[in-house]
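Basis for what follows: all heavy atoms, side chains included, without hydrogens, waters or symmetry-related copies. Throughout, protein chains are lettered first and strands after them, A, B, ... in sequence-line order, and every chain is numbered starting at 1.
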Number of protein chains: 2
Amino acid sequence: MLQQKLATIEDVAAMAGVSIATVSRAINEPTKVADATRRKVTDAIARTGYTTNAMARSLRMRRSNMILILAPDVGDPNFSNILVGLETEASKRGYGLLIGNTQNDPSRETDYLRFISSNQADGLILFTGHLPFGLGQSPADARLPPMVAVNEPVLGEDIPFVGVDNFEGARVAAEHLISQGHRRIAFVGRAPNREINRLREDGYRAALGGAGINIDPRLIIDGDGTTESGRAAAELMFVRDALPTAFLCVNDATAMGVIIALNARRYDLPRQFSVMGFDDISFASFITPSLTTMKQPRHRMGEAAMELLLTLLAGEKPGSREVLLRAELILRNSVTRPPG
Amino acid sequence: MLQQKLATIEDVAAMAGVSIATVSRAINEPTKVADATRRKVTDAIARTGYTTNAMARSLRMRRSNMILILAPDVGDPNFSNILVGLETEASKRGYGLLIGNTQNDPSRETDYLRFISSNQADGLILFTGHLPFGLGQSPADARLPPMVAVNEPVLGEDIPFVGVDNFEGARVAAEHLISQGHRRIAFVGRAPNREINRLREDGYRAALGGAGINIDPRLIIDGDGTTESGRAAAELMFVRDALPTAFLCVNDATAMGVIIALNARRYDLPRQFSVMGFDDISFASFITPSLTTMKQPRHRMGEAAMELLLTLLAGEKPGSREVLLRAELILRNSVTRPPG
DNA sequence: ACGAACCGTGTAAAGGTTTACAGTGTTCGA
DNA sequence: TCGAACACTGTAAACCTTTACACGGTTCGT
């Protein structure tokens, strides 16, 4: 009763009294096989509990129906929702997801490429913002595997990209602050060498420029996007004694740092200071005051990225090699009119 | 210069002037091949850029060196760190991780089993707390694939388990509150049919019992572990007009809900109420007041679970089929002595 | 000096699919 | 009635490894 070995296509063929070719066709191109035969086959499949051996199939077909996800940090609150989107689309199309957490370690990036070179994965989704170390440096492998970058673009490599329009989103955010009456607006999280940060800063500058506001350079503070950097940045402002009425932060984590610092100094938020984030991570609504921010359509980003990759994989020309989605303004309690 | 097709073992063999068997041995059992030959082979490998085709290898070896991770929600803040632990151990041993996000949808659970039955994954890590739907119901597949449950045990199935000692952890937490002088301690997040919740509640009861404290049943409130359920629970206490001096919450998310509710009612925390969580998720330190909680050794849980699974996979007898790690008390600012 | 043990290598089978090609039988038009 | 077109089905090759087995050559103990 209990089958020791898994049933193979041959067992099914024997039971149905046909050749293995016919079984294969009955499964993969049902129209090409006579009704009666097909019934016999499906019957035999049910009786044997047969499932196609994916390894043999991949070997023959030269593709694995697997996608490798390369992410610097799977714990990033931005990551998981995108992953769910990726996964929704992937499993809809019969693909599986292989996860590679690199922690920004070049050797791990390289290591994970073995999945590509060994045919265990057909394509690549990049969260890292750069090509995996070991890919594309030598001219030998000018042939890059099919891949798409998500969330963070890869600079100077013409890699298809799906993400949010950071420039536009930051501009909308800054304009919201301006519309509330703020004129002295800080930007926390400057990092010119990180594309996302740079774009958001540009959006901020564009909004202030558009409103005819001169930017006090002391209100622009470096940061690496961590909560701690936000906290430190806020403290720095007090040291410099150049205070804004509102903080536009490069992301929610940074904004939480700013809020923590201001709370610690016993300011009454948002009455005395407005704070705005970007991303709308899940905890943004839990901090006090709950965070006004720009929401990234993460699920859709994941879906769009996977969709793009799969069309690339199918050898078709994609509609566009860059998909920019709009961030949505989420109004909560951390922004109000400036004091006075 | 650019190889159209990937090099196979045959190309390497030809270039090195040996048979493919020797190449295979030079790679997999280097000691079994003469030094001079081995050098010729490694040389040829380098020149051709050969990598073993994992599909052919898996087909032949009947294992894929892949592990399927079945999780209800990859966005769970508890999840990612465990995943990193799993991944650390897995890639150390040459295994890859396949991710299956089930959203507690039985059909998705079943669907993901195709990776097991098609030989694409050798083993299973279960975050779900139950067998995937479709496994183990019919007596036919009495042969379960190698698997281990992590974080949440599978009830009544004798599945190897790695997790935290929830009973002991909750007891330590409750004892901490008692040591601060609390006598009226609420338990938020009762859910008798969820093993984790049940154990934590038991630990709470044990601590209070041990201290000779009678438990007011009105201080035990149901909850599903979400932030919203914590908020609702706190509100319910006010309605019931049965207030504790401290809230022991089944997890951090619930605790954050309680804190949000108390903050909203303008209580001064922790002076008027103490709140304790369990898990130490990353945001626990960011809420105000920062959360005193029990830290789960998530990274180690992941490593231990993968280690256990891999020994199972190797056919060896594991040291123990259940690994219970200790949760660590993390002192922050949400707990103090009761008022008065 | 002879057999045993051993070392290094090659031959060939096996692992389970997909699919080009060939073959058989039926239908249909002229 | 005959050939062509057609609808199904089968044969066998190909995908790329690993490994049992066989084989030839050395070493070594007696």
Inter-residue atom distance Leu312(A).CG - Met147(A).CE, 0.5 Å rounding: 10.0 Å
Quick one: which of [options] gets closest to the side chain of [X]?
| X | options | result |
| --- | --- | --- |
| Asn53(B) | dT17(C), dC16(D), dT9(C) | dC16(D) |
| Ala21(A) | dT18(D), dA12(D), dC16(D) | dA12(D) |
| Thr8(A) | dT18(D), dT11(C), dG16(C) | dG16(C) |

Would you mind reading off the distance between [X] atom [atom1] and [N] atom [atom2], rounded to a whole angstrom?
| X | N | atom1 | atom2 | answer |
| --- | --- | --- | --- | --- |
| Asn28(A) | dG16(C) | CG | P | 17 Å |
| Met55(A) | dA14(D) | CE | C1' | 19 Å |
| Ile9(B) | dG10(C) | CD1 | P | 12 Å |
| Ile20(B) | dT9(C) | CD1 | C1' | 13 Å |
| Asn119(B) | dG15(C) | CG | P | 13 Å |
| Arg62(B) | dA14(C) | CZ | P | 12 Å |
| Leu59(B) | dT17(D) | CG | C1' | 8 Å |
| Ile27(B) | dC16(D) | CD1 | C1' | 12 Å |

N/O donor-acceptor pair, side chain Arg25(A) with base dG10(D), under 3.5 angstrom: yes
Under-3.5 Å donor-acceptor pair between Arg60(A) side chain and dG15(C) base: no
Under 4.0 Å between a Lys/Arg side-chain N and an Asp/Glu carboxylate O for [X] and [Y]?
| X | Y | answer |
| --- | --- | --- |
| Arg38(A) | Glu29(A) | no |
| Glu152(A) | Arg194(A) | yes |
| Lys92(A) | Glu89(A) | yes |
| Arg39(B) | Asp43(B) | no |
| Glu87(B) | Arg108(A) | yes |

Across the strands shown, which category fits [X] at heavy-atom distances under 4.0 angstrom: base, sugar-phosphate, nothing?
| X | value |
| --- | --- |
| Ala34(A) | sugar-phosphate |
| Ser58(A) | nothing |
| Ser24(B) | base |
| Thr51(A) | sugar-phosphate |

Tell me whether the OP1 or OP2 atom of dT9(C) has a side-chain N or O from Thr37(B) closer than 4.0 Å. yes
Given dG10(D), is OP1 or OP2 found less than 4.0 Å from the side-chain N or O atoms of Thr22(A)? yes
Starting from the 5' end of DNA chain C, give me the residue, Asp35(B) or Glu29(A), whose nearest nucleotide shows up first. Asp35(B)
Could you check Thr52(A) against Thr31(B) and say which one's nearest nucleotide on DNA chain C is further toward the 5' end? Thr31(B)
